[in-house]
Amino acid sequence: MHPHDALTEIATLLERERSSRYKSKAFRTAADAIAGLSEGELADTTALRARKGIGESSFTVIRQAMEGRVPDRLAALRASAGVEEASRLRALLRGDLHSHSEWSDGSTSIDLMVEAARALGHEYLALTDHSPRLRVANGLTAQRLREQIALAPRHSGDGFTLLTGIEVDILDDGSLDQEPDLLDELDVVVASAHSRLRMDRRAMTRRLVTAVSDPRVDVLGHVTGRLVEGRRGTRPPSDLDAGAVFAACAAHGTAVEINSRPEREDPPDELILLALEAGCMFSIDSDAHAPGQLSLVDHGAARAERLGVPPERIVTTWSLERLRAWTARG
């Protein structure tokens with residue numbers, strides 16, 4: 001295989017397993033460093049070792065690929081990838097409404113996120129970087145968001161559409177962390193709570209009900225905020241009256257996100273069943289912060305199928321035309 005392809009696939013698999021972003025970044029940097037090199041240049045080991053962006057690990061991958069074999073690092077990652085057999089529901093998914101780029105706390109450019117979404121066969125991807133209050137995630141000010149919106153058309157075409165969007169922070173009183181008129185301009189608004197997740201039950205319930213009742217909100221992101229595994233450790237779910245929150249979602253046409261990240265599994269199974277009973281719609285999303293994480297929708301689709309969520313109740317199985325009619329404001 002070509003060394004550039006090997007380096008890129010290694011980065012993608014490291015991203016999917018939520019490895020250190022520095023590891024995956026190193027292999028993407030190495031791939032960029034050899035882009036466009038001839039076979040002769042790739043075979044010049046002295047010059048290759050001296051090239052900026054090529055470390056010992058990436059050099060080994062390049063050398064083994066040039067020998068005509070699958071590099072050891074890639075073979076090991078493929079073997080441990082643990083990609084489950086695709087569910088029937090996965091084949092029905094047409095897009096993803098929750099993803100991040102380097103504009104906030106994602107690890108790569110919009111270009112690479114779009115390239116990966118296209119490779120997965122997505123028809124659309126919503127770019128939903130964070131809002132201003134989430135400074136730790138480099139949340140977008142109104143001005144930066146406007147600049148990002150202006151870039152969206154250049155990433156669309158040939159059967160693929162990059163949707164403008166935001167993962168807007170739900171403030172303590174349930175209001176949204178961005179200018180209302182600017183939210184009106186977006187294709188997709190995902191609203192999520194990121195702070196004060198240990199609020200008392202009544203306050204948290206009121207906070208989420210207020211947010212999902214806002215006509216600008218399309219999707220309620222990672223409902224409980226829990227973490228069940230991973231490098232960040234575990235975190236219990238927020239204490240809330242899920243029945244009241246899902247009743248508000250159903251009444252206002254706000255989809256409940258089935259967050260596909262394995263460290264979240266949010267909502268828990270029992271809450272997905274509760275939302276289903278309440279008449280909610282759902283959105284199966286990756287919450288990807290790197291290109292390789294877009295494929296995590298496999299996990300979300302498998303959970304939804306196992307729990308009997310009907311495909312017609314999942315907005316990410318809808319055509320772009322139907323999706324836009326649903327998210328249209330005013």
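Given the structure is predicted, the values throughout are model-derived calculations rather than measurements.
Between Pro291 and Glu115 there is no side-chain heavy-atom pair separated by less than 4.5 Å. Taking the side chain as every heavy atom from C-beta outward, Pro262 and Leu296 approach each other to under 4.5 Å. Side-chain contact between Thr316 and Phe282: absent, with no pair of heavy atoms (C-beta onward) separated by less than 4.5 Å. Residues Arg51 and Leu37 are in side-chain contact: their nearest non-hydrogen atoms beyond the backbone lie under 4.5 Å apart. Side chains of Gln178 and Leu186 form no contact here, defined as non-hydrogen atoms less than 4.5 Å apart.
Partner of Leu145 under the side chain to side chain contact (heavy atoms under 4.5 Å, CB included) criterion, chosen from Thr164, Val168, Ile166, Asp129: Ile166. With Gln293 as the fixed residue, the side-chain hydrogen bond (donor to acceptor under 3.5 Å, both in side chains) test singles out one of Glu17, Arg261, Glu15: Arg261. With respect to Ser87, the side chain to side chain contact (heavy atoms under 4.5 Å, CB included) criterion is satisfied by exactly one of His299, Arg303, Glu305: Glu305.
Expressed to the nearest 0.5 Å, how far CG of Asp111 lies from CD of Glu102 amounts to 9.0 Å. Rounded to the nearest 0.5 Å, atoms OG (Ser156) and OH (Tyr124) are 13.5 Å apart.
Between the side chains of Glu167 and Ser192, a donor-acceptor pair is found at a separation under 3.5 Å. No side-chain N or O of Arg324 forms a donor-acceptor pair with one of Thr161 less than 3.5 Å apart.
The ring pair (Phe, Tyr, Trp, His ring centres under 6.0 Å) contacts involving residues 159-188 comprise nothing, where partners must be two or more places apart or lie in separate chains.
Remark: the backbone N or O of Glu265 is paired with a side-chain donor or acceptor of Arg226 at under 3.5 angstrom.
In this structure, Arg144 has no salt bridge (Lys or Arg N to Asp or Glu O under 4.0 Å) partners at least two apart in sequence or on a different chain. Partners of His194 by ring pair (Phe, Tyr, Trp, His ring centres under 6.0 Å), not counting sequence neighbours, listed by chain and number: His130, His222.
In terms of hydrophobic clustering, with Ile, Leu, Val, Met, Phe, Trp and Tyr side chains grouped at heavy-atom distances under 4.5 Å, Leu273 and Leu240 are assigned to a common cluster.
Heavy-atom minimum distance, Arg198 versus Ser238: NH2-CA, 3.2 Å.
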